[in-house]
Each structure stands twice: as C-alpha cells, then as structure tokens.
**Student:** 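This is the structure I want to talk about, given as structure tokens.
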Amino acid sequence: MVIYKFGGASVKDADSVRNAAKIIGDADRQVLLVVSAMGKTTNKLEKIVEAHLQKDSRAFELTEQLKQWHLQIVNSLFGIQEITISERIEEIFAEIYWSIEAEQVRDFDFEYDQIVSLGEVLSAGILSAYLNHVGVEHTYCDARDLIRTDSTFREANVDWAETQILIERQLRKLDGRNMITQGFIAGTSDNYSTTLGREGSDYTAAILAYCANASEVIIWKDVPGVFNADPNEFPEAILLPELSYYDAIEQAYYGASIIHPKTIKPLQNKNIPLRVQSFVNPKLPGTLISETYLPETTPTYILKKDQVLLSITPHDFSFIAEVHLRDIFNLFHQYRVKINLMQNSALNFTVCMTLDETTFSQLRKAMEKKYRLRFNTNCVLFTIRHYTEALFARFSLGKEILMEQRSRNTVQFVYRSGE
Ligand code: ASP
Ligand code: MG
C-alpha cells in the first residue's frame, strides 16, 4: 500500500484535478490519498478568519469569492448537471457563513481551526466526487475521524495510540480499496476540528503511513524533486536523486520548503521511504528520501527572507543568565515564535526569527517590560549545509553580516537584505 499526498498546487484548478485523478487511477496498488486545500485556499480562509475576528465585513465578500471560485472549478469538472457536489460545497460554505455571522465564541486559535480546516473538506469532497465521476474506486473518509489530537488548536499534537486504533479500524473496512482523506486537519475527542500547523498535509501522509505500515509515501509536487537550493533563487540548483532522512530533517529544520519538518520522524521510525515526484511528469523518478548513508554530500543552500534580528538586554545591566533565558524562552513559547538562530553574550541574547508583524509587536510589548530591545528588520538568513570555506566566501561576499554561526557541517549567517 502506498500513501499519495497532493498539495494545494496539484489541485489548484480543474485541469490539475483531472491530472491528479489520472495519477491515482494509474496506481498499481492500494492508495491512501491525502489532499490539501485547493491552490491558495488556506491563505484565503486565514484572511476570512482575521476579518471576522476584527469584525470587518470583508469577511463576507472574501467568503463569497472563495465559494464562487470553488463552484467554478466544480462546474468545469462536472458541468451543471452534477448538483450533488455543488450542494455539498454550498453546505460547507453555509458553515463558514454561520461562523462569521456569529459572535466570536472562543479564542483566535480555536476559531481559526474550525474555519480554516474546511479548505481541505472542500478539496477532498471535490476530488472524491471527480474520482467517482471518472470511475476510480475509493472510499471517502474524513480525517477528523482518523487522526485524534489534543486541543492545541493550530498546532495540535497527535494522540498516537488513539489514532492507531482509528486507522486500523478504517483499514479493515477498506479491505484493500483506495481511500481519500484530508491533509492538515484532525479532530479532538469532543469532535472539534484541529489543524497540524501550516503545510501539515505532508505530516498527515506520514501519520497514515506509520499507522497503516505503508510501503512508501509519494508527495506529488510541481517540481521534479528536491533540489540542493531553491531553483527560483539559484539558477545553478541541482536535483538530488537521493537524500537521507537525516539530511531531509536538517534541511526542513533550516527552512527549506521541501516537506513539513514533522514528516520525517514517523517515517524514519518505521523505515518507510518517501519519494518527492513531479505531478507534471509522473514517470520521472524524483527524489528518494530514506535511511541511507551518502558519503559524498552535495552542499545545500537555504535562504530565509523576511527575518528580524532581535537583541534582548536586561534593563538593569545584569548578565544574561539562565533565569533570563527561561523567562525569554517562555515568552517565545507563549507567542509561538520559532527561533531560527540564537546567540548570547554577557549582556545580550540575540535571536533571528521570521517576521510576522502582529506577533512581533505583541512579543515586543511583553518583553519591553523587562528588557531593552534592539532589532533589525529586512534581514536574510542564509544556511549552507556541507559547506566549504570557499563556498562561504563566495556567498558572503559583499554582504553586511550581522550574525554568524558555524558547526562542523553547517554555516549560517544573517545579513541585511539589499532589496
Ligand atoms: N492547506 C494547508 C496549508 O496550506 C496544509 C497543506 O497545504 O499542507 O498550509
Ligand atoms: Mg501546501
């Protein structure tokens, strides 16, 4: 059995849905299929939630636009005679309308998950209906009945024991048939929707693979595989035919947008290989990620833009000691800020983080009570894995470096963006 994961770009319009259905139909073994929301739907739903919580009436306009966009795709896939799926879309949007008409009941993270999770409910419904339409046999199963989590909304933690039971139960019912479910979303024991963190559909694929003992996971993408750098930024980027779990996890950790960072662990634990393949050219072999030892390692480059370098100093001129660090880390944890790089000296603790205006201003407000803050926005964090001095010299040339850190394998530096 194989797990297929189709991301937003692979179901962004009617043609890509047709293409995805063809790939699924061509499979030569049982497929458990995980699908993300269509195109940029998740970003749009996020905007709807934000507008709703700010009591901004644009929430309604945005919802209507998103509904029409989905209906258009359905129309071109099925023609107007297929009313069942259009009705289903209407129902799901009715749920969104109810949510935004009502007063906010709980906190942002809760509201977010109840609304944003519907993006995947829409896409899985549409893809399932289309698979039926073209005669690809399968069972539809809601991921909220398969993956059980706690109530940490927006970054829920999987209850592995319960999830294992739910997935095994479903596999017995499937009896070898294909299944389609949603990526990214899950459910609590009291039936609320949760999400697993942005780009979490890859993680869903890994959870399913782990619990179902799949022989392989294939992530279908619009690129032919994993490159050693982002081809949009580095014209000389090369495709990596193979990658170890270790390197994949490290690259994801440093910010390469290949796969969700949590994806590798469940796969590594059961030695399940992961392939990244092109949905444009499904015959190409792509990149194989597995438990392998690659003696000659290609350098990889990871660029993270929109970084802030924040220096934190106690007001009373005391040394940065463990008690300050505990306090500072608590604040980062509370505001869910992920630190990309950190360094400390006697009086300063400096971190590099991705800029999110709202969170950053909340964090600053909380920190300024005890600490003096200085920061540079508009920075870039550049990471070279498997670096050499020559490569470091080449890529740092002419840059104003604000912070630098090295280990045996990796060099990272933050510089001011020239853009
Ligand atoms: N649709 C979700 C997102 O855009 C999950 C995913 O695509 O993996 O973050
Ligand atoms: Mg995605």
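If you're wondering where the values come from, they're calculated on a predicted model, not measured in any experiment. Both ligands and their constituent atoms are indexed starting at 1 by order of listing. These numbers come from the heavy atoms of this one structure, side chains and all, not from hydrogens, waters or symmetry mates.
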**Student:** Regarding Arg385 and Glu250, does a basic nitrogen lie under 4.0 Å from an acidic carboxylate oxygen?
**Tutor:**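 The answer is yes: the pair qualifies as a salt bridge.
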**Student:** Find all atoms of ligand 1 within a distance of less than 4.0 Å from any non-hydrogen atom belonging to Arg198, and give their numbers and elements.
**Tutor:**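 Going through ligand 1 atom by atom, the ones under 4.0 Å from Arg198 are 3 (C), 4 (O), 9 (O).
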**Student:** A cation-pi test, strictly: NZ or CZ of Arg364 under 6.0 Å from the centre of the six-membered ring of Phe360 and no more than 45 degrees from its axis. Yes or no?
**Tutor:**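 Judged by the rule (NZ or CZ under 6.0 Å from the ring centre, within 45° of its axis), Arg364 counts as positioned above Phe360.
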**Student:** Applying a heavy-atom cut-off of 4.0 Å, say which part of His260 lies close to ligand 1: side chain, backbone, both or neither.
**Tutor:**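 Neither part.
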**Student:** Is Glu120 near ligand 1, meaning one of its heavy atoms is under 4.0 Å from it?
**Tutor:**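 The answer is yes: ligand 1 sits under 4.0 Å from a heavy atom of Glu120.
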**Student:** With no hydrogens and no angle check, is any side-chain donor or acceptor of Thr410 less than 3.5 Å from a backbone partner on Arg406?
**Tutor:**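 Judged by distance alone, no pair lies under 3.5 Å.
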**Student:** Between Thr42 and ligand 1, does any nitrogen or oxygen pair lie at a separation below 3.5 Å?
**Tutor:**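 By distance alone, the answer is yes.
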**Student:** Please confirm whether Asp202 comes within less than 3.5 Å of ligand 1 when only nitrogen or oxygen atoms on both sides are compared.
**Tutor:**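 No.
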**Student:** So, does Gly200 sit close enough to ligand 1 that a heavy atom of it is under 4.0 Å from the ligand?
**Tutor:**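 True for this residue.
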**Student:** When you measure from the side chain of Gln405 to the backbone N and O of Met342, does any donor-acceptor pair fall under 3.5 Å?
**Tutor:**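 Yes, because the side chain of Gln405 sits within donor-acceptor range (under 3.5 Å) of the backbone of Met342.
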**Student:** Looking at Phe184, which atoms of ligand 1 are within less than 4.0 Å of one of its heavy atoms?
**Tutor:**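 Listed by number with element: 2 (C), 5 (C).
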**Student:** Which atom names give the shortest non-hydrogen contact between Lys12 and Trp69, and what distance separates them?
**Tutor:**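 In terms of heavy atoms, the two residues are closest at O-CZ2, 3.3 Å.
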**Student:** Output yes when a side-chain donor or acceptor of Thr287 lies under 3.5 Å from a complementary backbone atom of Val226, and no otherwise.
**Tutor:**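 Yes; judged by distance alone, with no hydrogens or angles, the pair exists.
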**Student:** Give the contacting part of Ser36 toward ligand 1: side chain, backbone, both or neither, where contact means a heavy-atom distance below 4.0 Å.
**Tutor:**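 The side chain, only.
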